[in-house]
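Throughout, numbering of the chain's residues begins at 1 and tracks the sequence. What's counted below: heavy atoms across the whole structure, side chains too, no hydrogens, waters or symmetry copies.
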Amino acid sequence: MKKIEHLITVVYPGSIAEEMEIEPGDYLLAINDKEIKDVFDYRYMIKDEYIEVLIRKSYGEEWLLEIEKDYDDDLGMEFENGLMSDYRSCTNKCMFCFIDQMPPGMRETLYFKDDDSRLSFLQGNYITLTNMTDEDVDRIIKMQLAPINISVQTTNPELRCKMLHNRFAGDRLKYLDRLFEGHVEMNGQIVLCKRVNDGAELERSIRDLGKYLPFMRSVSVVPAGLTKFRKGLYPLELFTKEEAGQVIDLIESYQKKFYERYSLHFIHASDEWYITAGREFPEAERYDGYIQLENGVGMMRLFLEEFDEAYQELLASPEYQEQKETFRRTICMATGKLTYSTIVDFAARLMQAYPRLTIRVYCIRNDFFGETITVSGLITGIDLTTQLKERQAAGDDLGEALLIPSNMLRMGEQVFLDDMTVAQVEKQLGLKVVPIESGGADFIQAVIDPSYSMDRNNETVGYIQAFDNTEE
């Protein structure tokens with residue numbers, strides 16, 4: 001049998017690995033005389049204060065390194081494969097799966113469905129548990145890996161099989177019991193499908209999942225995202241304003257009960273429900289520290305809070321008092337329908353503060369996926385440029401720069417979902433494109449500082465997942 005080995009591609013300056021003269025191109029063969037199956041084995045085995053690491057140098061020589069370190073110290077190296085093993089692809093065919101609703105002809109990676117428990121811990125992905133084994137669960141409990149994020153959808157076993165189109169889906173709910181008994185921290189997710197797992201089924205799921213408190217810390221309820229590419233798929237419909245209100249009322253009624261007993265609101269409606277229902281977002285305290293922020297739960301409340309705080313700081317600053325009458329700038333912003341009214345309000349407040357500031361906010365219609373998709377993170381470069389060029393042709397002055405939320409771009413890259421680049425958009429529109437972070441302070445800074453750059457201010461490119469309501 002071929003030995004398991006892992007190619008080292010990065011060694012961080014000042015790290016233990018560099019001190020031990022490990023270099024990119026070397027191979028990790030074993031730790032404490034045991035092969036490393038994947039990243040979980042690696043992370044678990046390097047925790048000891050004394051470890052023996054077997055390395056094969058790029059020229060073939062093997063080194064056995066004795067390392068003494070603090071318990072939680074990292075070795076400071078990365079590998080060719082982040083998981084240190086093959087990715088596990090999804091075995092389900094969920095009735096709401098967003099990837100099944102993608103148009104043909106896009107890059108291949110966009111069609112890959114993962115359902116890998118390791119990505120739940122490393123990247124926050126939600127998994128269905130359907131391709132996990134008893135051994136996987138044993139290892140999670142033994143290593144106390146947490147939190148694990150689980151796409152539950154429903155606690156009705158038969159209905160779960162139907163929704164995931166997987167005959168094992170209902171049986172895998174037993175892993176929730178085992179994780180609970182093993183004191184493993186969990187977060188849950190319910191993708192709500194109209195006339196499928198809503199109403200009485202949703203109430204059943206909330207009650208059942210509440211039994212896993214306090215180890216299950218939160219459960220989000222998000223509406224299924226529906227594109228125009230649903231031919232041959234299960235017939236799903238959008239929720240109406242009234243129906244969205246009913247979902248909120250049910251969730252909020254249970255929040256009170258859970259909070260009284262556990263000091264956690266536990267069950268949360270994503271922001272889209274409140275926008276669809278035309279209701280105010282809950283106060284910040286009700287989000288329990290924004291546990292499910294990347295699932296679209298509390299994102300708008302946090303944005304509002306951050307903007308208000310930064311806006312008041314701006315008005316109180318000496319720089320503002322000096323510049324408010326002389327600062328002059330014309331820019332435009334583009335966003336999706338979901339956040340359009342909020343961005344318009346923010347822009348109006350900034351223009352009130354600076355009389356010579358002009359901000360034009362454009363709501364970009366999603367022609368690529370269909371108008372039912374309203375999040376900014378799924379706006380393509382072609383929709384953005386086409387609609388803004390129409391505004392230019394109609395006589396609009398877009399100004400010196402176009403500000404866009406960073407989630408329109410692939411993480412860490414200057415590329416839109418349809419592979420159009422920022423440079424191509426700039427060339428077509430004839431103005432600078434500035435991606436901005438999701439925070440309220442960044443919003444203000446990007447408007448009043450022409451030299452604003454995410455890389456300069458944050459050193460990393462921000463990213464909020466626009467549609468995390470599938471198991472992938």
Side-chain angles (χ1 to χ4, degrees), residues 3-88 109 112 114 116-125 139-140 142-149 185 293-294 406-407 409-415 435 437-439 442 452-465:
K3 288 187 176 181
I4 302 173
E5 54 186 33
H6 305 283
L7 176 64
I8 299 166
T9 55
V10 176
V11 174
Y12 289 104
S15 65
I16 294 173
E18 184 185 56
E19 183 181 342
M20 302 303 295
E21 300 183 11
I22 298 172
E23 300 172 309
D26 295 346
Y27 286 85
L28 171 65
L29 303 182
I31 295 177
N32 296 337
D33 203 31
K34 294 181 180 178
E35 287 187 332
I36 310 299
K37 295 179 181 177
D38 62 14
V39 67
F40 283 177
D41 274 355
Y42 173 71
R43 292 295 173 192
Y44 184 68
M45 294 175 69
I46 66 171
K47 280 187 172 293
D48 289 341
E49 295 178 349
Y50 173 83
I51 57 175
E52 295 182 352
V53 178
L54 182 61
I55 296 289
R56 188 177 73 240
K57 300 296 290 180
S58 58
Y59 49 83
E61 188 173 305
E62 291 190 1
W63 291 3
L64 182 62
L65 305 174
E66 299 181 1
I67 298 175
E68 293 184 7
K69 63 182 188 63
D70 291 339
Y71 179 76
D72 282 328
D73 278 354
D74 187 60
L75 297 185
M77 55 189 184
E78 293 185 8
F79 304 90
E80 181 179 32
N81 182 326
L83 288 181
M84 303 175 74
S85 71
D86 292 334
Y87 286 80
R88 295 182 184 177
T109 55
F112 177 75
D114 73 70
D116 197 312
S117 61
R118 295 164 298 184
L119 294 177
S120 182
F121 302 105
L122 297 173
Q123 299 178 9
N125 292 18
R139 190 161 66 136
I140 289 170
K142 175 186 176 183
M143 297 181 179
Q144 280 296 291
L145 298 167
I148 182 169
N149 300 321
E185 183 179 331
L293 188 66
E294 291 193 357
S406 62
N407 65 352
L409 305 176
R410 289 161 60 181
M411 184 167 57
E413 300 183 40
Q414 298 284 295
V415 181
E437 268 283 18
S438 59
D442 276 84
Y452 170 88
S453 165
M454 282 200 316
D455 293 334
R456 186 198 69 191
N457 288 281
N458 303 293
E459 296 185 358
T460 56
V461 176
Y463 179 75
I464 293 180
Q465 193 163 347

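Under the 3.5 Å distance criterion, the side-chain polar atoms of Glu35 are matched with a main-chain donor or acceptor of Ile4. The main-chain N or O of Asp41 is found under 3.5 Å from a side-chain atom of Asp38 such that the two form a donor-acceptor pair.
Gly76 and Ser15 get closest at one heavy-atom pair: O-OG, 3.5 Å. What you find for Glu66 and Met20 is that their closest heavy atoms are O-CE, 4.0 Å. The nearest pair of heavy atoms linking Gly25 to Ser58 is O-CB, 3.6 Å. Taking every heavy atom of both residues into account, Ile36 and Leu28 meet most closely at CG1-CD2, 4.2 Å.
How far NZ of Lys37 is from OH of Tyr44: 13.5 Å, rounded to the nearest 0.5 Å. Summarising the geometry, atom CD1 belonging to Ile46 is positioned 7.5 Å from atom CE belonging to Met77; distances are rounded to the nearest 0.5 Å. Atom-to-atom distance recorded for Ile31:CD1 and Leu75:CG is 6.5 Å, nearest 0.5 angstrom. For the atom pair CD (Glu52) and CG (Leu64), the distance works out to 5.0 Å, reported to the nearest 0.5 Å. Of the inter-residue distances, the one linking Glu19 atom CD with Ile67 atom CD1 reads 9.0 Å to the nearest 0.5 angstrom. To the nearest 0.5 Å, the span separating CE on Met143 from CZ on Phe40 amounts to 8.0 Å.
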Between Glu18 and Tyr12, does the side-chain contact (heavy atoms from CB on, under 4.5 Å) criterion hold? Intermediate values first, please. CA-CA 7 Å; Glu18 184 185 56; Tyr12 289 104; over 6 Å; no
What do the steps show when you test Leu54 against Glu62 for side-chain contact (heavy atoms from CB on, under 4.5 Å), and what is the final call? CA-CA 7 Å; Leu54 182 61; Glu62 291 190 1; 4.1 Å; yes
Begin with the C-alpha distance, continue with both residues' side-chain angles, and end with the deciding distance and a verdict on salt bridge (Lys or Arg N to Asp or Glu O under 4.0 Å) for Lys69 and Asp74. CA-CA 9 Å; Lys69 63 182 188 63; Asp74 187 60; over 6 Å; no
Start with the C-alpha gap between Leu409 and Gln414, add the side-chain angles, then the distance that decides, and say whether side-chain contact (heavy atoms from CB on, under 4.5 Å) holds. CA-CA 6 Å; Leu409 305 176; Gln414 298 284 295; 4.1 Å; yes
Run the side-chain contact (heavy atoms from CB on, under 4.5 Å) test on Asp70 and Glu49 for me, step by step, so that the C-alpha distance in whole Å, both residues' side-chain angles and the decisive distance to 0.1 Å come before the verdict. CA-CA 5 Å; Asp70 291 339; Glu49 295 178 349; over 6 Å; no
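Ion pairing of Arg56 with Asp26 is absent here, as no side-chain N (NZ or NE/NH1/NH2) approaches a carboxylate O to less than 4.0 Å.
Within 6.0 Å of NZ in Lys57 there are more than 12 heavy atoms belonging to other residues, nucleotides or ligands. Within 6.0 Å of atom CD in Glu21, 12 or fewer heavy atoms from other residues, nucleotides or ligands are found, so the atom counts as exposed in its surroundings.
Residues meeting the side-chain contact (heavy atoms from CB on, under 4.5 Å) test with Glu68, sequence neighbours left out: Tyr50. Applying the ring-ring contact (aromatic ring centres under 6.0 Å, His included) criterion to Tyr42, with sequence neighbours excluded, gives Phe79.
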